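It should be emphasised that the depicted structure is a prediction, and the values quoted were computed from it without experimental measurement. Note that ligands are numbered from 1 as they come in the structure, with each ligand's atoms numbered from 1 the same way.
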Amino acid sequence: MTEPRKKTCKNSRKTMRSTSRLSVACLCVLTLQFPGLTLAASAANNTPDPDTKARTIEAQMTDEERFTLLHGIMAMPLKDPVPASELGGIYAAGYIEGVPRLGIPALHETDASLGVTNPRGARGNDFATALPAGLALASSFNPGLARSAGATVGNEARAKGFNVLLGGGMDLIRDPRNGRNFEYLSEDPLLSGVLGAEEVIGAQSQGVVSTVKHYALNANESHRRALDALIDPAALRESDLLAFQIAIERGKPGSVMCSYNKVNGVYACGNGYLQNEVLKETWHWPGWIMSDWGAVYAAGYEQQGLDQQSGSQLDPKVWFDAPLKADLAAGTFTHARLSDMVRRILRSLYAVGADKPTSPGGPIDLAAHNEVALEGEREGIVLLKNDGVLPLAPTVHSIVVIGGHANVGVLSGGGSSLVTPPGGFKATNPLGGEGEMADWRAEHYIGTAPLAELRKLLPNATIRYEPGLYPASAAAVAQRADVAIVFVTKYEQEGYDSPDLTLPAGQDAVVAAVAAANPNTIVVLETGNPIAMPWRDHIKGLVAAWYPGQAGAQAIAEVLTGKINPSGHLPVTFPVSTADLPRPDAPGLGTPENEPITVNYSEGADVGYRWFAKQGRAPLYPFGYGLSYTHFGYSDLHLQGKSDITATFTVRNEGDRAGADIPQLYLTSMAGTNTLRLLGFQRVSLAPGESRQVELHIDSRLLATFDIHAKQWRITPGRYETSLAKYAGAEGETAAVTLPKRLFGH
Ligand code: BGC
């Protein structure tokens with residue numbers, strides 16, 4: 001571990017905490033705190049032309065060598081133990097042998113976007129920086145932070161000997177019961193696409209290939225290997241595929257991971273429409289498609305665009321070895337396609353410098369990376385309710401902290417993305433149960449304890465802890481304190497969806513009892529999803545902390561005490577109940593795991609807030625919502641242009657303390673049709689009384705529909721009305737433009 005560096009930017013002299021210049025602050029992290037960045041980036045820049053190099057090297061390979069690159073294994077001691085020495089020395093998510101005679105490195109693959117994982121402790125005590133959930137990152141609406149997060153993970157990956165990162169997660173959040181939403185970003189294609197691209201750029205700046213996943217429509221986890229996701233193809237282009245498209249065109253990831261599920265009747269990894277037609281032919285993306293682990297169910301996927309079979313022990317056969325060699329000999333698999341598959345892999349390695357030797361055991365600036373985790377949660381916490389109870393006054397006399405293991409640490413999401421932080425886990429609660437991921441199913445608490453962090457920041461208060469096991473005992477303790485802070489948790493993990501939006505283990509009853517006993521009750525949510533809150537009207541303060549990451553307890557205490565002014569805004573809608581969702585019943589609930597089910601995503605492109613707007617239903621908390629300890633005003637909204645539209649407006653901090661806001665521009669009417677679409681956003685940090693002019697360049701695809709027959713985006717001529725608002729559905733200043741008919745793009 002190296003010494004923490006001084007956190008000032010050379011040129012601007014801004015500090016990390018100078019949230020008024022967030023992107024500057026993040027660049028500062030990138031350039032000054034990651035010594036590896038400059039080296040890896042310049043290595044990549046010196047690579048003249050990855051396509052030429054890939055062609056030249058591929059031409060020198062034997063067929064046997066070509067096939068080597070096409071399949072890999074889950075690099076862990078599973079049922080058939082594989083010694084690490086046969087895996088180039090590293091246990092991890094994936095391993096693909098290299099071709100040393102041509103300088104082609106082995107592919108050492110690690111999960112994922114929240115940090116470098118050590119799956120089920122296969123590498124002993126090896127630990128890494130555990131970042132907050134993807135939902136927290138997205139709540140920041142801060143592309144610079146996403147880039148720092150990507151660079152942090154990429155930097156640690158390389159220093160541990162990895163050259164392929166299996167992150168980040170790009171699926172849109174369609175169902176607040178999906179067990180994997182905490183790994184994803186948002187329900188909106190623009191927000192997910194923009195932040196996802198920045199994560200990719202950050203990771204690849206470190207000489208590590210980044211993978212966007214899971215392509216596509218892996219919107220539910222239960223039955224994921226047998227789930228047929230039905231959707232209107234045009235709506236798919238306007239929603240999930242638009243998020244991938246934006247992330248891919250801006251971020252240029254070297255690889256894409258196809259998903260376990262079927263899309264419109266065809267398994268994603270064998271889906272020629274998604275892979276060949278859209279991703280490769282239409283978007284001209286030059287990278288390689290790898291399968292998810294155990295997602296190649298049959299022969300022939302190479303014809304449908306899949307380039308590499310991952311985790312092949314988990315599939316019925318290593319299709320991309322002997323069977324494909326036989327097809328080559330029989331002439332049913334062409335040499336041209338074999339070369340194409342190999343070149344795609346090579347060009348991605350060369351494009352980011354992932355062919356350069358890694359330095360396993362290399363130094364990691366853990367202190368600097370902890371700052372990224374800390375800043376991620378500071379900007380990711382969303383203040384949802386504040387009836388004058390927050391920030392806690394320094395004079396507050398007695399506080400009781402209740403539940404959520406707040407005396408130990410903060411909750412982490414589980415599955416393949418679980419990161420073992422420095423110092424290991426603070427507590428582990430194995431859950432088990434049924435299903436193929438049951439052995440992975442355990443609550444892990446990490447980082448420092450919120451209780452201890454609050455005690456540090458409020459040294460004059462008496463702060464007691466009560467585990468919150470029973471409503472009556474929690475209420476009894478709460479009654480004797482000035483303020484009660486209840487920490488509630490809800491564990492999520494891949495492979496499982498939650499059946500509903502309730503909190504497990506009687507926590508709703510505990511909150512209700514505490515709120516009845518203490519008028520100053522504050523609730524902190526450590527969840528990987530929106531939850532229902534039947535007690536919401538009876539509490540005074542509410543904070544969504546998501547899964548807060550290794551430094552999250554400090555950030556929570558800082559927000560509660562006002563050391564940090566909260567600035568996160570929801571990247572996902574909180575419904576009142578499941579009755580308001582497009583599918584009130586949890587898909588497949590009650591049927592045995594992986595029993596074939598069909599989920600009709602009939603909301604199409606109207607995901608999340610768009611669905612609520614269309615139905616005329618009010619959510620519990622809307623997308624984009626988030627409070628601050630100051631307040632902001634907007635003025636002077638103007639739209640300009642006929643095809644490329646630009647919006648300008650002014651944001652002003654009208655309160656008496658510094659803070660950051662996220663003004664959001666929504667499309668509200670599209671050539672006479674009511675609609676709701678996020679057109680742009682900007683994180684703006686302002687001193688009290690300060691104002692700033694903001695300029696947003698609108699992505700024309702957000703003003704269009706996708707014409708599936710013309711295979712282009714179509715603008716219907718007419719008037720396009722917009723609103724500059726604080727959250728989806730809020731009233732705001734309006735402006736309109738009239739657009740001519742237009743077909744464009746692809
Ligand atoms: C997950 C992927 C992950 C892979 C390797 C799968 O179960 O769906 O996201 O990258 O495992 O760990």
Side-chain angles (χ1 to χ4, degrees), residues 71-78 82 87 90-96 107-123 128 133-134 153 157 160 162-171 178-185 196 199-200 203 208-227 229 244 253-262 267-269 288-297 306 308-315 413-420 435-441 492-497 528 593-594:
H71 56 91
I73 59 168
M74 182 160 192
M76 282 182 60
L78 295 170
V82 192
L87 306 169
I90 319 179
Y91 281 134
Y95 173 73
I96 291 111
L107 304 192
H108 290 285
E109 300 174 326
T110 179
D111 290 299
S113 47
L114 310 182
V116 177
T117 63
N118 177 0
R120 306 189 59 201
R123 294 197 305 279
V153 184
K160 290 175 187 293
F162 296 105
N163 51 7
V164 179
L165 180 68
L166 306 175
M170 279 305 304
D171 297 77
N178 176 4
R180 250 184 143 166
N181 286 342
F182 74 93
E183 292 185 56
Y184 299 138
L185 292 161
E199 285 186 290
V200 169
V208 173
V209 169
S210 176
T211 310
V212 292
K213 66 185 188 184
H214 307 87
Y215 187 76
L217 213 60
N218 192 173
N220 284 95
E221 280 294 301
S222 295
H223 304 273
R224 62 183 179 176
R225 286 141 138 310
L227 185 156
F244 273 97
S255 75
V256 166
M257 187 190 293
C258 53
S259 56
Y260 285 119
N261 52 291
K262 291 180 181 173
Y267 272 116
C269 294
W288 93 90
I289 304 177
M290 66 167 77
S291 65
D292 200 341
W293 276 228
V296 187
Y297 306 102
L306 182 65
Q308 190 181 59
Q309 182 181 6
S310 319
S312 61
Q313 321 92 303
L314 307 182
D315 289 324
S416 62
S417 69
L418 174 72
V419 179
T420 313
E436 55 196 17
M437 292 294 285
D439 289 350
W440 298 67
R441 217 171 170 198
E492 309 270 8
Q493 176 198 305
E494 72 175 271
Y496 303 89
D497 290 339
E593 185 180 39
N594 289 333

Shortest protein heavy-atom distance from atom 3 (C) of ligand 1, along with the residue and atom involved: D111 OD1, 3.3 Å
Under 4.0 Å, heavy-atom basis, I'd like to know which part of M290 is in contact with ligand 1: side chain, backbone, both or neither. neither
Answer yes if the side chains of S222 and N220 hold a donor-acceptor pair under 3.5 Å, and no otherwise. no
Got the closest protein heavy atom to atom 7 (O) of ligand 1, with its distance? E494 OE1, 2.9 Å
Tell me whether D292 has any N or O atom under 3.5 angstrom from an N or O of ligand 1. yes
Can you sort out the partners of L314 under side chain to side chain contact (heavy atoms under 4.5 Å, CB included), two or more places apart, ordered by chain and number? M74, L78, W293
Name the orientation class of the two ring planes belonging to Y95 and H108 (parallel below 30°, tilted from 30 to 60°, perpendicular beyond 60°). tilted
Counting heavy atoms under 4.0 Å, the part of R224 that contacts ligand 1 is side chain
Residue list, ring-ring contact (aromatic ring centres under 6.0 Å, His included) with Y297, at least two apart or on another chain: Y267
Taking the non-hydrogen atoms of E183, is any one of them nearer than 4.0 angstrom to ligand 1? no
When rounded to the nearest 0.5 angstrom, what distance separates SG in C269 from CG in D315? 8.5 Å
Distance check, rounded to the nearest 0.5 Å: T117 atom OG1 versus L418 atom CG? 8.0 Å
Only heavy atoms of H214, strictly under 4.0 Å: list the atoms of ligand 1 that pass. 2 (C), 8 (O), 9 (O)
Any idea which part of K213 is under 4.0 Å from ligand 1, heavy-atom wise: side chain, backbone, both or neither? side chain
Check: E494/S416 side-chain N/O donor and acceptor closer than 3.5 Å: yes
Any idea which atoms of ligand 1 are less than 4.0 Å away from a heavy-atom of A93? 5 (C), 12 (O)
With the threshold set at under 4.0 angstrom, would you say M257 reaches ligand 1 through any of its heavy atoms? yes
Check whether the side chains of R224 and H214 place a donor and an acceptor atom closer than 3.5 Å, and report yes or no. no
Identify, by atom number and element, the atoms of ligand 1 in contact range of L166, meaning under 4.0 Å from any of its heavy atoms. 10 (O)
